[in-house]
Amino acid sequence: MSIENNISKLQPFLMSSVPKSGTHLLQQILNGIPYTSNDINDAEKKFFVDHHPQDIEIYKDHFYRLAHLQAGEFGVGHMFYSEKYAYMLKRLNLKHVFIYRDPRDVLISLIHFIPKHWIEHPLYNDFNKSITNNKERIMTLIHGTEAKWPNFDKWNRPFYNWIGKPNTLAISFESLMNSIESRRNCMMTIVQYLWEEDSGTLPIEKIIDAMEANINPGKSRTFREGKIASWKEEFDNEIKEAFKKVAGDLLIDFGYEKDNNW
């Protein structure tokens, strides 16, 4: 008898992330749950709110498409936290799995991702033509540019604000990468959160095995290295001080440092 015949189908849910925090990794893990699927190329299953929209139509569109997710389906996206979006998820009774990462590693991932893949980013051309040095790119993203992009804290904090909110399970990228034991414990937390009740006759270990077996970094167009603390290879003292001044509180508020003495 197949795994699928021994498991209850999940109710639809939403997965979101801080950009460059393991979106594809978590999507693959969730796709490994039997009878659960998301096609990351399906625009109808994508949900992006990476600014503070004044246009109510964005929320209406998301509400409509989220409401039409079927059992065994989940949506994927990057969304700024807002009371409006949180209320929408509550009204639809949708669970929300959210992944985040050390903001310093997010920064390093962005300086490589923007010039290679993020064509729509306002700094794409600059990072390919005039700002081609990694340190210059890092400092540009930390401070932002008045005309094109906000500073690092201002743009990232609204994503991290999902941490600790009701109806949201927040997991760190590091918990999936530190060790096999840490990853499996994290997967168990996800399974217990999504089902709450009995998942059927299939042992939870079998579900976790299926989730883990579905991980394939080679299938992700945007995957680079997925390293933890890669920022240490790029940050010099000048970058450290700039980051602490602009976004040091981001690390403290969301558990990556106790103070600015790092």
Side-chain angles (χ1 to χ4, degrees), residues 7-40 42 44-50 62-63 65-82 85-103 106 156 158-178 182-197 199 204 207-217 219-220 222-223 226 254-255:
I7 193 169
S8 303
K9 187 175 288 190
L10 282 171
Q11 291 302 303
F13 62 95
L14 177 64
M15 184 213 110
S16 80
S17 64
V18 177
K20 308 312 299 171
S21 292
T23 309
H24 284 78
L25 172 63
L26 183 56
Q27 188 261 358
Q28 289 178 356
I29 287 170
L30 295 173
N31 261 334
I33 300 174
Y35 271 147
T36 304
S37 66
N38 166 270
D39 179 358
I40 206 161
D42 184 353
E44 286 297 307
K45 305 296 190 299
K46 288 185 175 181
F47 302 88
F48 295 94
V49 185
D50 55 4
H62 282 213
F63 185 89
R65 290 190 290 115
L66 286 168
H68 280 78
L69 291 173
Q70 301 298 304
E73 293 182 338
F74 65 97
V76 170
H78 306 306
M79 300 105 54
F80 274 11
Y81 171 81
S82 70
Y85 213 102
Y87 174 74
M88 188 165 67
L89 296 182
K90 180 179 179 181
R91 185 177 170 188
L92 291 170
N93 196 29
L94 283 181
K95 292 183 177 180
H96 176 210
V97 182
F98 170 72
I99 187 169
Y100 61 99
R101 185 183 189 183
D102 186 322
V106 169
N156 281 275
F159 293 114
Y160 286 88
N161 281 337
W162 280 107
I163 297 173
K165 295 299 188 291
N167 299 332
T168 294
L169 173 66
I171 61 172
S172 71
F173 175 79
E174 291 79 13
S175 69
L176 292 173
M177 298 297 290
N178 275 326
S182 174
R183 177 182 295 171
R184 290 183 69 87
N185 286 339
C186 186
M187 291 177 182
M188 181 172 291
T189 300
I190 292 170
V191 171
Q192 292 171 337
Y193 169 72
L194 290 176
W195 264 288
E196 287 188 358
E197 300 176 355
S199 62
I204 191 170
I207 301 174
I208 293 171
D209 286 344
M211 295 165 74
E212 193 165 26
N214 203 53
I215 297 173
N216 185 353
K219 287 186 176 181
S220 172
T222 62
F223 182 82
F254 299 108

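Every heavy atom of this structure was used, including side-chain atoms; hydrogens, water molecules and symmetry mates were not. Since we're looking at a predicted model, the values are computed, not measured. Start at 1 with the first residue, then count along the sequence.
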Which pairs of donor and acceptor atoms, one on a side chain in residues 91-99, lie under 3.5 Å apart (sequence neighbours left out)?
| unit_1 | atom_1 | unit_2 | atom_2 | d |
| --- | --- | --- | --- | --- |
| K95 | NZ | Y193 | O | 2.6 |
| K95 | NZ | L194 | O | 3.3 |
| K95 | NZ | E196 | OE2 | 3.3 |
| H96 | ND1 | T168 | OG1 | 2.9 |
| H96 | NE2 | S16 | OG | 2.6 |

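With values rounded to the nearest 0.5 angstrom, I215 atom CD1 is found 12.0 Å from N31 atom CG. Remark: H68 NE2 to E73 CD distance equals 11.5 Å, nearest 0.5 Å. In this structure, CD1 on I163 lies 11.0 Å from CD1 on I171, to the nearest 0.5 angstrom. Expressed to the nearest 0.5 Å, how far CD of Q70 lies from NZ of K9 amounts to 9.0 Å. We find the CE-SG distance between M177 and C186 to be 12.0 Å, quoted to the nearest 0.5 Å.
Nearest heavy atom pair, residue P12 against residue A71, reads CD-CA, 3.8 Å. Contact record, M88 with F63: CG-CD1, 3.2 Å, taken as the closest heavy-atom pair. Residue L169 comes nearest to I190 through the heavy atom pair CD2-CA, 3.8 Å, listed as atom of the first residue, atom of the second, then distance. Closest heavy-atom contact between T23 and S17: OG1-OG, 2.6 Å. Contact between F13 and L10 at its shortest, heavy atoms only, is CE2-CD1, 4.0 Å. Pairing each heavy atom of Q28 with each of N216, the nearest pair is OE1-N, 2.6 Å.
Partners of E44 according to the side-chain contact (heavy atoms from CB on, under 4.5 Å) rule, which considers only residues two or more places apart in sequence or in another chain, are D42, R65.
Residue F48 qualifies as enclosed at atom CZ: its count of foreign heavy atoms under 6.0 Å is above 12.
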L14 vs Y85, test: side chain to side chain contact (heavy atoms under 4.5 Å, CB included). Steps then yes/no. CA-CA 12 Å; L14 177 64; Y85 213 102; 4.2 Å; yes

Where do V76 and L30 land on the side chain to side chain contact (heavy atoms under 4.5 Å, CB included) test, with the steps shown first? CA-CA 11 Å; V76 170; L30 295 173; over 6 Å; no

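Salt bridge annotation for D209-R184: present, with a cationic side-chain nitrogen under 4.0 angstrom from a carboxylate oxygen.
Using a 3.5 Å distance cut-off with no hydrogens or angles, the side chains of Q27 and N38 do pair a donor with an acceptor.
For the pair K46 (side chain) and I40 (backbone), a donor-acceptor distance under 3.5 Å is present. R101 contributes no side-chain N or O that, together with a main-chain N or O of V18, makes up a donor-acceptor pair within less than 3.5 Å. Side-chain atoms of W162 come within 3.5 Å of backbone atoms of M79 as a donor-acceptor pair (strictly under, hydrogens ignored).
For the pair F254 and P103, the minimum side-chain heavy-atom distance is 4.5 Å or more. Using a 4.5 Å heavy-atom threshold, the side chains of I207 and W195 count as touching.
If you run side-chain contact (heavy atoms from CB on, under 4.5 Å) between I29 and each of M187, M15, E212, only M187 comes through.
Residues F159 and Y81 keep their aromatic ring centres 6.0 Å or farther apart.
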